[in-house]
Amino acid sequence: MKYFYKSLITLVLIMMGANLFAAKINLDRIDPPFWWTGMKNSQLQLMVHGTNISEAKPVIEYYGVRVKEIILVENPNYMFINLEIGEETKPGVFDIHFKKGKKTIATYKYQLKERVSDPSLYKGFDNSDVIYLLMPDRFSNGNPNNDDMPLMLETADRTNPNGRHGGDIEGMSNQLDYLSDLGITAIWANPLLENNMPAYSYHGYAVTDLYKVDPRFGTNEDYLTFIKKAHSKGIKVIMDMIFNHLGTGYYWKDDLPMKDWYNEWPEFTRSNYRGGTVSDPYASEFDYNKEVKGWFDKTMADLNQNNEFMANYLIQNSIWWIEYSGLDGIRQDTYPYPYKDFMAEWMRRLLEEYPDYNVVGEAWLSQPPAVAYWLDNNTNKDGYKSNLTNVFDFPLMYAISKAFNENEGWSTGTAQLYEVLSQDYVYSMPDNIVTFVDNHDGDRFYTKIQEDINKFKLAMAFMMTTRGIPSIYYGTEILMTGEEHKGHGDIRKDFPGGWNGDATNAFSKEGRTDDQNEAFDFIRRLLNWRKSNTTVQYGELTHYIPENGVYVYFKKHEGNTVMVMLNNTNEDKIVDLTRYSKSIGCNTKGRSVLTRRGWDDLSKIEISAKSPLIIELSK
Ligand code: CA
């Protein structure tokens with residue numbers, strides 16, 4: 001009997017021990033959460049996260065889906081599964097059983113959706129478009145109930161210029177008619193994905209879940225509905241993505257898959273923000289490393305895209321969003337900051353799935369050759385070919401900001417515009433450059449031109465008629481002001497009328513001041529003309545050296561001609577058109593796009609001080 005009890009106690013102890021030491025295994029999530037059949041690339045890499053998930057063995061039985069490789073890494077809470085999805089694979093749902101021995105520990109129902117080949121989706125954007133950049137938190141609050149959401153660390157505080165103000169997707173959706181009336185054809189919203197950070201979460205550049213819209217903006221479904229509604233009104237949607245960094249609050253924050261998941265430094269090291277070092281043939285390794293591996297901010301972890309699993313994670317995520325939502329284009333943040341070979345590979349894989357797609361990269365560099373390095377071409381001496389389809393025109397933005405503030409001279413005033421454009425030979429695709437006068441990172445344009453509406457009209461007329469794809473920052477059309485040195489809140493103010501109870505509503509004519517209506521009506525007329533005029537959209541540009549303070553250029557397309565004259569002086573001018581006879585050709589008449597005034601004689605044209613003339617020529 002004594003022996004029996006002793007054995008029983010021993011057995012119980014052994015069982016307790018087994019329980020104590022048996023590894024707890026659970027499944028937390030799988031990224032991407034679902035995928036599609038019929039993709040050009042048959043490979044899919046699943047990242048599985050869960051406590052000790054590496055101790056389980058995934059089992060998949062589905063016709064056409066083959067487990068090529070199961071990869072375990074240094075952190076037992078991760079597993080990567082490489083799948084091959086054959087061409088004949090049918091859409092459907094299959095179980096991924098995670099087994100330990102014969103026991104199934106967890107099951108994930110993985111869906112393969114059918115790829116929709118709808119030509120109305122993911123169109124890309126081109127010279128027929130005018131992009132409208134808006135900051136979702138600051139544009140319009142369509143749903144005050146989502147301003148504060150459970151589990152989200154930062155709550156709304158509209159009195160704090162750096163806090164969350166409550167704007168959202170419903171607000172964006174509510175203003176689609178306003179935007180359609182204004183004449184824009186594409187919306188680029190600053191990032192909408194979850195930013196569950198304790199502060200400064202409103203701007204969206206510290207993403208904490210790449211597969212989820214921030215609940216304070218809405219749900220993934222709300223985003224899809226918004227895109228559909230925008231498409232129904234002829235407006236494309238461009239998503240803002242960031243491959244360089246993620247918020248330090250990302251779900252894997254205390255549990256990184258690998259030691260080299262982020263670019264780690266012995267102590268916090270900030271990027272030097274010198275994107276030029278990446279193309280600079282004389283750059284020191286020290287400066288290059290700081291640019292590419294330095295952190296954008298303490299709250300923004302610098303990603304190591306040289307880690308192939310990280311690279312796949314980002315690339316698949318971008319493709320997932322396009323396929324999931326029918327997005328038309330991508331704006332990629334801080335383009336020179338991630339490893340450049342990774343970025344080229346991303347573009348290659350993206351264009352493999354969507355050959356006509358467009359991605360505009362933010363290469364914030366002030367000289368045309370530095371920007372051109374990033375635009376597709378194969379002319380770079382170091383052999384780098386980015387595959388990138390579009391870039392922003394930072395050099396022209398700087399020139400525009402100066403040109404209309406200066407007196408005309410050999411190298412001042414509109415000569416600055418002429419000079420920047422004359423360097424377009426460095427670009428493989430100059431028409432693919434996105435032009436702008438301001439954005440969410442710099443002084444508001446109306447402030448830069450001393451709140452002078454005449455300068456404003458000159459700049460807008462120029463941007464909408466020269467080469468490139470114009471982009472307007474929200475509020476520019478109603479002359480919003482702001483200075484970057486006062487803090488980003490000053491250049492990202494709430495659009496008046498976007499919140500219930502706002503003192504004024506600039507979304508309506510009645511709510512705008514006379515000056516605001518003058519600016520709004522000017523842009524509205526210009527954009528609505530541009531929207532249907534293929535000559536200004538796709539025409540071949542010829543410009544003439546500015547003379548007597550007037551800059552004249554032409555757009556020609558399929559026998560049609562548009563002539564643009566910018567008088568950047570404080571005097572009315574009579575311009576003798578003899579010099580432009582080659583460009584005028586056999587046209588004898590003209591009509592102003594802005595005033596509808598007509599001319600029956602094209603020998604001389606009078607142009608008022610500090611004003612533009614856009615004239616459609618005819619025989
Ligand atoms: Ca809201």
Side-chain angles (χ1 to χ4, degrees), residues 132-180 182 184 187-230 233 235 237-242 247 249 299 321 325 327 440 473-475 477-478 480 482 487-508 511:
Y132 190 84
L133 158 63
L134 64 84
M135 185 155 273
D137 183 61
R138 305 296 167 90
F139 187 59
S140 177
N141 188 359
N143 178 11
N145 295 327
N146 65 12
D147 294 0
D148 296 320
M149 290 298 277
L151 305 176
M152 293 294 112
L153 297 172
E154 190 177 12
T155 53
D157 178 5
R158 222 183 146 195
T159 62
N160 175 3
N162 299 317
R164 290 194 83 97
H165 293 186
D168 48 38
I169 292 171
E170 200 170 319
M172 288 157 57
S173 193
N174 292 345
Q175 307 307 342
L176 280 170
D177 286 333
Y178 165 83
L179 295 171
S180 175
L182 179 62
I184 62 97
I187 293 172
W188 151 30
N190 293 121
L192 286 160
L193 300 186
E194 185 196 90
N195 270 237
N196 196 9
M197 301 292 290
Y200 296 97
S201 69
Y202 76 94
H203 55 61
Y205 288 97
V207 173
T208 54
D209 190 334
L210 278 168
Y211 285 95
K212 188 171 140 219
V213 166
D214 194 292
R216 292 160 293 188
F217 291 140
T219 62
N220 285 12
E221 289 70 30
D222 292 337
Y223 188 39
L224 264 57
T225 307
F226 166 75
I227 293 170
K228 279 205 183 80
K229 194 172 164 194
K233 292 176 188 295
I235 296 175
V237 178
I238 298 169
M239 188 169 178
D240 204 328
M241 292 188 180
I242 313 114
T299 57
W321 276 108
S325 69
L327 280 168
H440 59 292
Y473 182 41
Y474 83 96
E477 76 275 21
I478 54 154
M480 280 172 74
H488 278 152
D490 202 54
I491 54 175
R492 301 168 179 175
K493 289 180 202 134
D494 299 344
F495 194 104
W499 278 249
N500 286 334
D502 275 1
T504 57
N505 178 10
F507 288 113
S508 77

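Numbering of ligands and ligand atoms starts at 1, following listing order. Sequential numbering from 1 along the given sequence is applied to the chain's residues.
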Quiz item: Would the number of heavy atoms belonging to other residues, nucleotides or ligands and lying under 6.0 Å from NZ of Lys229 be above 12?
Solution: yes

Practice problem: Using the test side-chain hydrogen bond (donor to acceptor under 3.5 Å, both in side chains), find all partners of Thr159 that sit at least two apart in sequence or belong to another chain. | Solution: Asp157

Quiz prompt | Test item: side-chain donor near acceptor, Tyr200 and Asn195, under 3.5 Å | solution = no

Self-check item: Those residues that, when tested against Asn220, pass side-chain hydrogen bond (donor to acceptor under 3.5 Å, both in side chains) (two or more places apart)
Solution: none

Quiz prompt | Contact list for residues 189-202, test salt bridge (charged side-chain N to carboxylate O under 4.0 Å, His left out), sequence neighbours left out | solution = Glu194-Lys212

Practice problem: Take the Ca ion (ligand 1) as the centre and count protein N, O or S atoms at distances under 3.0 Å. | Solution: 6

Exercise. Might you confirm whether atom OH of Tyr178 has over 12 heavy atoms from other residues, nucleotides or ligands at distances under 6.0 Å?
Key: yes

